[in-house]
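All values derive from a computational prediction rather than experimental measurement. Each chain gets a letter, A, B and so on, in the order its sequence line appears, and its residues count up from 1.
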Protein chains: 4
Amino acid sequence: MPRPRSDDKRKRILNAATRVIVTQGLSAPTMGIAKEAGIANGSLFTYFETKSELFNQLYLELKQEMASVAMKDFPTEADLQEQFFHIWRNWGNWAVRSPEKRKALAQLTVSEEITSETRIAGHRLMSSIGELLERIRSAGPMRKVPMSFVIALMNSVADATMDQMIQDPKHAKTHCKNGVEALWRMLA
Amino acid sequence: MPRPRSDDKRKRILNAATRVIVTQGLSAPTMGIAKEAGIANGSLFTYFETKSELFNQLYLELKQEMASVAMKDFPTEADLQEQFFHIWRNWGNWAVRSPEKRKALAQLTVSEEITSETRIAGHRLMSSIGELLERIRSAGPMRKVPMSFVIALMNSVADATMDQMIQDPKHAKTHCKNGVEALWRMLA
Amino acid sequence: MPRPRSDDKRKRILNAATRVIVTQGLSAPTMGIAKEAGIANGSLFTYFETKSELFNQLYLELKQEMASVAMKDFPTEADLQEQFFHIWRNWGNWAVRSPEKRKALAQLTVSEEITSETRIAGHRLMSSIGELLERIRSAGPMRKVPMSFVIALMNSVADATMDQMIQDPKHAKTHCKNGVEALWRMLA
Amino acid sequence: MPRPRSDDKRKRILNAATRVIVTQGLSAPTMGIAKEAGIANGSLFTYFETKSELFNQLYLELKQEMASVAMKDFPTEADLQEQFFHIWRNWGNWAVRSPEKRKALAQLTVSEEITSETRIAGHRLMSSIGELLERIRSAGPMRKVPMSFVIALMNSVADATMDQMIQDPKHAKTHCKNGVEALWRMLA
DNA sequence: AATGAATGAGTTTTCATTCAT
DNA sequence: TATGAATGAAAACTCATTCAT
């Protein structure tokens with residue numbers, strides 16, 4: 001019978017946090033995030049028990065988005081390369097469309113606030129991409145390299161590419177292509 | 001900004017900061033750093049005007065070390081690949097020998113405390129490596145890709161490689177080799 | 001101040017408050033009290049306008065109980081000493097039976113939340129005991145001592161006795177007897 | 001070489017706390033105490049690690065004062081009664097002279113912030129008085145009553161007496177006398 | 001009336017930086 | 001110059017109370 005806890009408000013806080021993190025970093029006061037979300041500072045803690053909890057959930061939310069964005073219109077029938085390039089293009093588009101999310105995720109990823117449980121959960125979200133990568137790797141020159149290393153390499157190249165695209169959005173498409181091709185040479 | 005008396009003390013602070021950053025992150029209190037350096041908290045500020053200044057200088061110091069380490073025993077007469085591999089091996093050894101420095105540098109690199117002036121200065125330190133990379137790039141498939149992007153890619157692959165080596169030091173050598181070869185496929 | 005609907009719920013809150021005060025002190029959050037009472041935190045404020053109001057009413061309620069317990073089976077025909085000892089025994093039994101109430105009352109008594117109006121009302125509840133005490137005093141060595149002081153002394157000795165009984169319930173009866181006898185020597 | 005930590009300042013904080021506790025209770029903000037002491041809020045924590053620590057030390061300090069005040073001009077050669085009355089008079093004078101200290105101590109005594117270690121240390125400070133009391137008890141009607149109970153009774157009567165003296169300072173002397181005599185009847 | 005979300009003032013403690021010694 | 005006490009502005013979180021439902 002009381003006001004129900006609004007999922008919309010939760011999302012608003014998460015979005016506010018994303019924006020604030022980009023401009024102020026992870027040390028941004030919770031009060032700023034609350035203000036940006038248009039709520040009272042105390043209310044933030046109705047939705048997230050601690051600041052750390054907020055960050056962990058945001059990390060997951062963004063990873064989730066990155067994972068689902070990646071699979072948009074996935075060409076099930078295409079060959080490996082086309083499938084991988086498809087994902088890559090999706091990522092690129094997302095990064096250009098939502099540079100703030102990309103940047104916030106980058107910050108969260110290197111933060112110590114994110115627990116290893118959260119990180120593991122985040123990786124699980126990416127598992128379908130991991131499988132694709134596995135298939136690519138197993139046929140190429142990195143077939144003997146540990147998968148974890150290959151994933152790390154892909155992530156680092158993807159990050160560098162997205163950063164480049166965000167920095168120079170005019171040639172985003174070209175950078176995107178350059179990035180995958182470079183990675184493809186590495187892997188396949 | 002008169003040079004403070006004891007350059008040795010300055011170094012001690014920098015080293016202490018490195019160690020403390022690894023365990024506590026960049027939000028570590030200056031007092032902890034001072035204690036680790038064996039001096040009073042107030043004294044730290046005779047050597048570095050602000051905490052931010054300390055971090056910027058540490059960044060530079062570590063970049064400097066990475067740059068000079070890279071060029072150790074540089075084989076002037078060897079071919080491009082051997083020259084590049086040489087640098088890479090030097091980096092790998094350094095990362096394994098001084099994982100703390102590597103980790104601290106990684107943290108500083110993503111921090112907002114580091115000003116763009118500092119970053120630019122940091123890149124300048126790497127210029128000789130940049131030139132080598134430039135020569136490698138200009139002959140390979142990335143010849144049309146902007147140099148800044150190529151540098152970013154190299155850095156990201158190098159970081160991923162060093163992280164892997166630190167995490168699994170038993171196979172450090174193999175990871176090191178896998179890393180360069182992957183990068184080489186990308187570039188040359 | 002319209003009487004709230006359910007008097008039962010009011011009692012439940014009061015009882016919950018008693019229990020919570022014992023374990024958490026007077027700074028216990030109202031929410032904890034509400035939860036202990038099995039109601040929503042907001043609901044508490046339909047029954048008591050403020051936390052302070054709740055505490056004042058609880059004080060009165062407990063004083064009331066102490067007063068009525070004291071007069072249980074009062075031996076109208078007995079002599080003064082027997083009458084007084086009767087009351088004292090009743091108190092002792094109550095303290096051992098309801099140590100929580102005793103402890104909560106002790107806390108409330110020293111609290112600044114309890115207004116002087118409430119304290120006066122509390123004393124009024126004790127008036128019949130006061131009268132008995134008055135008769136005892138007027139015949140003994142304290143006949144020149146102000147009544148308020150005598151009451152204070154009785155209360156303090158009673159409190160000390162009840163605390164002792166609660167702490168060492170095995171010899172409760174003995175402590176109870178020791179307490180009155182001591183008091184009686186003081187007064188009569 | 002830096003400003004030495006001033007013992008005077010420590011005392012000033014303790015005194016400020018005493019005054020503030022009397023008017024605002026134990027929930028008084030530390031900032032108020034600091035302001036009353038004429039120092040910055042943060043400075044308080046140079047002298048006392050936490051608010052709780054401050055309270056525990058204050059408790060001890062006041063107990064200490066009560067103990068040493070009690071023994072002032074102690075008549076070593078006098079008989080038990082005169083010795084005891086002497087202590088009592090000293091307490092009474094102290095209570096009238098420093099009603100704030102008396103009140104603050106009363107508040108602290110019932111507070112849950114005071115650890116049992118602190119309480120034990122406090123009791124130790126009173127040990128010489130305890131010994132005297134022991135000798136008095138062992139010869140009188142309470143010789144079979146546990147010492148802890150006797151101490152509690154003495155304390156409670158002393159508290160009631162001091163309160164009365166503070167409330168009605170004009171007849172302080174009389175109240176003081178009435179108090180001891182009452183207690184003496186109880187004990188001896 | 002009952003619920004529990006919303007509010008925002010208030011609290012303790014931390015910490016970069018300053019400054020007396 | 002070195003020291004560490006002094007400063008005071010945060011910052012995260014709490015909680016009595018209000019209010020929409």
Side-chain angles (χ1 to χ4, degrees), chain A residues 1-6 9-10 27-35 37-54, chain B residues 2 4-6 9 27-35 37-55 113, chain C residues 2-6 9 27-35 37-55 113, chain D residues 1-7 9-10 27-35 37-54:
Chain A
M1 242 195 284
R3 259 171 293 195
R5 201 181 290 196
S6 128
K9 201 162 288 184
R10 203 188 99 95
S27 61
T30 53
M31 204 182 148
I33 297 175
K35 195 174 287 174
I39 60 170
N41 63 65
S43 299
L44 190 149
F45 295 92
T46 320
Y47 290 85
F48 304 94
E49 288 206 1
T50 63
K51 191 187 186 183
S52 199
E53 175 73 9
L54 165 59
Chain B
R5 266 331 124 77
S6 152
K9 205 165 282 183
S27 61
T30 52
M31 210 185 131
I33 297 174
K35 192 175 291 173
I39 61 170
N41 67 69
S43 301
L44 190 149
F45 293 91
T46 0
Y47 291 87
F48 303 93
E49 289 205 0
T50 64
K51 191 186 187 184
S52 200
E53 174 73 7
L54 163 61
F55 282 172
E113 295 289 358
Chain C
R3 288 270 148 216
R5 269 328 126 77
S6 152
K9 203 163 286 185
S27 61
T30 51
M31 210 185 133
I33 298 175
K35 193 176 290 174
I39 61 170
N41 68 68
S43 302
L44 190 149
F45 293 90
T46 15
Y47 291 86
F48 304 93
E49 288 206 1
T50 64
K51 191 187 186 182
S52 200
E53 174 73 7
L54 164 61
F55 281 171
E113 295 288 358
Chain D
M1 238 193 288
R3 260 171 290 197
R5 202 182 288 198
S6 126
D7 203 52
K9 202 163 287 181
R10 202 188 100 95
S27 61
T30 52
M31 204 180 149
I33 297 174
K35 196 175 289 175
I39 59 169
N41 65 66
S43 300
L44 191 148
F45 295 91
T46 319
Y47 289 86
F48 303 94
E49 288 207 0
T50 64
K51 190 186 186 182
S52 198
E53 175 72 8
L54 165 61

K.L.:
Starting at CD of B:Glu49 and ending at P of E:dC19, how long is that distance when rounded to a whole Å?
P.N.:
14 Å
K.L.:
Given F:dC15, is OP1 or OP2 found less than 4.0 Å from the side-chain N or O atoms of C:Thr30?
P.N.:
no
K.L.:
Between A:Ser6 and B:Pro29, name the one whose nearest nucleotide on DNA chain E is closer to the 5' end.
P.N.:
A:Ser6
K.L.:
Whole-Å distance between E:dT18 P and B:Met31 CE?
P.N.:
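To the nearest whole Å, that distance equals 17 Å.
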K.L.:
Please state how far atom CZ in C:Phe48 lies from atom P in F:dT18, giving the value in whole angstrom units.
P.N.:
16 Å
K.L.:
Can you check whether A:Ile33 reaches A:Leu54 side chain to side chain, under 4.5 Å on heavy atoms?
P.N.:
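In contact.
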K.L.:
Of all the choices, E:dG8, E:dT12, F:dA5, which nucleotide is nearest to the side chain of D:Lys51 once you look at every atom?
P.N.:
E:dT12
K.L.:
At under 4.0 Å between heavy atoms, what does D:Ala34 touch on the DNA or RNA strands: base, sugar-phosphate, or nothing?
P.N.:
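Nothing, no nucleic acid heavy atom in range.
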K.L.:
Are B:Lys9 and F:dA2 close enough that a side-chain N or O sits under 4.0 Å from OP1 or OP2?
P.N.:
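Yes, B:Lys9 has a side-chain N/O under 4.0 Å of OP1/OP2 on F:dA2.
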K.L.:
Do any side-chain nitrogens or oxygens of B:Tyr47 fall under 4.0 Å of OP1 or OP2 in F:dA2?
P.N.:
yes
K.L.:
Is the phosphate of E:dA1 approached by C:Thr46 (side-chain N or O, under 4.0 Å from OP1 or OP2)?
P.N.:
no
K.L.:
Is C:Phe45 close to C:Thr30 at the side-chain level, that is, under 4.5 Å between some pair of heavy atoms?
P.N.:
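C:Thr30 reaches C:Phe45 side chain to side chain.
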K.L.:
Measuring from A:Ser43:OG to A:Arg5:CZ, what's the distance to the nearest 0.5 Å?
P.N.:
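Rounded to the nearest 0.5 Å, the OG-CZ separation comes to 11.0 Å.
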K.L.:
Let me know the distance between NZ of D:Lys35 and P of E:dG10, rounded to the nearest Å.
P.N.:
12 Å
K.L.:
Could you pick out which residue, C:Ala28 or A:Ser27, lies toward the 5' side of DNA chain F when each is mapped onto its nearest nucleotide?
P.N.:
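Whichever sits nearer the 5' end wins; that is A:Ser27.
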K.L.:
Tell me the partner of E:dC19, counting only Watson-Crick (N1-N3 plus N6-O4 or O6-N4) or G-U wobble (N1-O2 and O6-N3) with both under 3.5 Å; none if nothing fits.
P.N.:
F:dG4
K.L.:
When the nearest nucleotide of DNA chain F is assigned to C:Phe45 and to B:Ala40 on a heavy-atom basis, which residue is associated with the more 5' position?
P.N.:
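Closest to the 5' end, via its nearest nucleotide, is B:Ala40.
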K.L.:
Of the non-hydrogen atoms in C:Ser52 and C:Glu113, which two are nearest, and what is the gap between them?
P.N.:
OG-OE1, 2.9 Å
K.L.:
To check you understand the geometry: which heavy-atom pair defines the closest contact between C:Leu44 and C:Ala34, and what is its length?
P.N.:
CD1-N, 4.1 Å
K.L.:
Calculate the interatomic distance between C:Phe55 atom CZ and F:dT17 atom P; express it in whole Å.
P.N.:
10 Å
K.L.:
Measure from the side chain of A:Asn41, starting at C-beta and using heavy atoms only, and say which of F:dT18, F:dT3, F:dC13 lies closest.
P.N.:
F:dC13
K.L.:
Let me know the distance between CG of B:Leu44 and P of E:dT18, rounded to the nearest Å.
P.N.:
12 Å
K.L.:
Base, sugar-phosphate, or nothing: which does B:Thr50 touch, judged by heavy atoms less than 4.0 Å apart?
P.N.:
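Result for B:Thr50 = sugar-phosphate.
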K.L.:
If you only use heavy atoms from C-beta on, which nucleotide in F:dC13, F:dT7, F:dT17 is closest to the side chain of D:Ser43?
P.N.:
F:dT7
K.L.:
Tell me the interatomic distance from A:Ile33, atom CD1, to F:dA11, atom C1', rounded to whole angstroms.
P.N.:
12 Å
K.L.:
Rounded to the Å, how far apart are A:Ile39 CD1 and E:dA9 P?
P.N.:
15 Å
K.L.:
Looking only at non-hydrogen atoms, find the nearest pair between C:Glu49 and C:Glu53 and report the distance.
P.N.:
N-CG, 3.9 Å
